[in-house]
Amino acid sequence: FDMFVLAFVERLFRPTFRKDDFVLGKKLGEGSFGVVYRVSLANKPSSKEGDLVLKKATEYGAVEIWMNERVRRACANSCADFVYGFLERSTKKTPEYWLIWRFEGDATLADLLQSRDFPYNVETLLLGEVQDLPKGLERENRIIQTIIRQLLFALDGLHSTGIVHRDIKPQNIIFSEGSRTFKIIDLGAATDLRVGINYIPKEFLLDPRYAAPEQYIMSTQTPSAPSAPVATALSPVLWQLNLPDRFDIYSTGLIFLQMAFPNLRTDNSLIQFNRQLKRCDYDLVAWRKTVEPRSSAELRRGFELLDLDGGIGWELLTSMVRYKARQRLSAKAALAHPYFDKEGLLALSIMQ
Ligand code: ADP
Ligand code: MG
């Protein structure tokens, strides 16, 4: 109850906005549930391109606003900095929700992964300058380790709050230039299980490229699809029973895989990988046995990277990408994995 009072008071003292306050800039994205623009405040055109981001969302925007409000209070650093959300009562028949965030930066992890320079492009962003060091597997591994750690850290924040994202993929991870860290965006498919906000619109399809094999995170125990947030008491026991957070861990494992193997970074190759893995009953070790003997130089290099330090990276990867949710590590447990024992990128650069 206190939480709701606090939320209400906090909201009272925050600036409120309406449609006319914003000047639309460049379109950043368009999905089936909304359009995203870069915007600026009409009375305060601070930067030419705008230092805010606007998503005009359909009816599911109500849930996305709810999630963002909750994240802002409970685990602010995990996600893009949310400013405000409101229902825009236009003449249109369908409701339109406007969501405003601070503009975090130009690059998503998907953009960065597509560059031939990955992961060195990320190193430059993380450290704020180009490192004049010899390139090699060790260095690449340290950069990838830093990215995965930041991702797991953000996820741990969400999961500890009771939120499962359900659409973790490189396109939904933004590099925040201000804090020089990766943050999660797009809570449009997220579900908050501790207070029972769990909407799974029937037409909503989880992104098949990054989705774990289990289709329904809370299967039959939870009510389906309220059209607006409805709070019902849901026991944390159900969370323990279903471990819905492990869905995000599987997706994060696939991102780890794509970072290690350049040849798995395109959509088609990832889809093909998913097919191969399914044929191996989602057993990565079995998959490795089938592909390694006839693997390309790129694939071999990926295995070499994961095999560094006694194969600790491979061990972590195989603890994330597993068929049974129960057998996957939680975000918190993954952060304690020995893969992260070795100094990361930032620690090393400070020592130099
Ligand atoms: P969609 O539902 O279209 O996937 P997203 O919330 O993922 O909506 O946003 C679409 C794109 O807009 C992202 O991939 C990213 O490029 C950009 N974007 C979203 N939020 C921000 C932000 N806070 N700062 C910078 N860019 C953002
Ligand atoms: Mg998205």
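Atoms within a ligand are numbered from 1 in the order they appear, just like the ligands themselves. When a residue number appears, it is its place in the shown sequence, counting from 1.
Around the Mg ion (ligand 2), the protein N, O or S atoms closer than 2.8 Å are N172 OD1, D186 OD2, listed by chain and residue number.
Ion pair R102/E177 not flagged as a salt bridge, since none of the NZ, NE, NH1 or NH2 atoms sits closer than 4.0 Å to an Asp/Glu carboxylate oxygen. Between K55 and E64 there is a salt bridge, since a side-chain N of the basic residue sits under 4.0 Å from a carboxylate O of the acidic one. Salt-bridge formation is detected for the pair K169/D167: a Lys NZ or Arg NE/NH1/NH2 atom is positioned less than 4.0 Å from an Asp or Glu carboxylate oxygen.
The CZ atom of R166 sits 11.5 Å away from the OG atom of S251 when rounded to the nearest 0.5 Å.
Considering all non-hydrogen atoms of both residues, F82 and R72 come closest at O-CD, 2.9 Å.
Within the structure, the side-chain hydrogen bond (donor to acceptor under 3.5 Å, both in side chains) test picks out the following pairs touching residues 291-300 (sequence neighbours left out): R288-E292.
In this structure, K135 forms a cation-pi arrangement with Y120, its terminal cationic atom sitting closer than 6.0 Å to the ring centre and no more than 45° off the ring axis.
Residues that satisfy the ring-ring contact (aromatic ring centres under 6.0 Å, His included) test with F103, not counting sequence neighbours, are absent from this structure.
Among protein residues, L28, G31, V36, V53, K55, A80, W101, R102, F103, E104, G105, T108, Q171, N172, I174, I185, D186 come within 4.0 Å of ligand 1, judged on heavy atoms.
Between E140 and the choices E123, Q145, R301, the side-chain contact (heavy atoms from CB on, under 4.5 Å) rule is met once, by R301.
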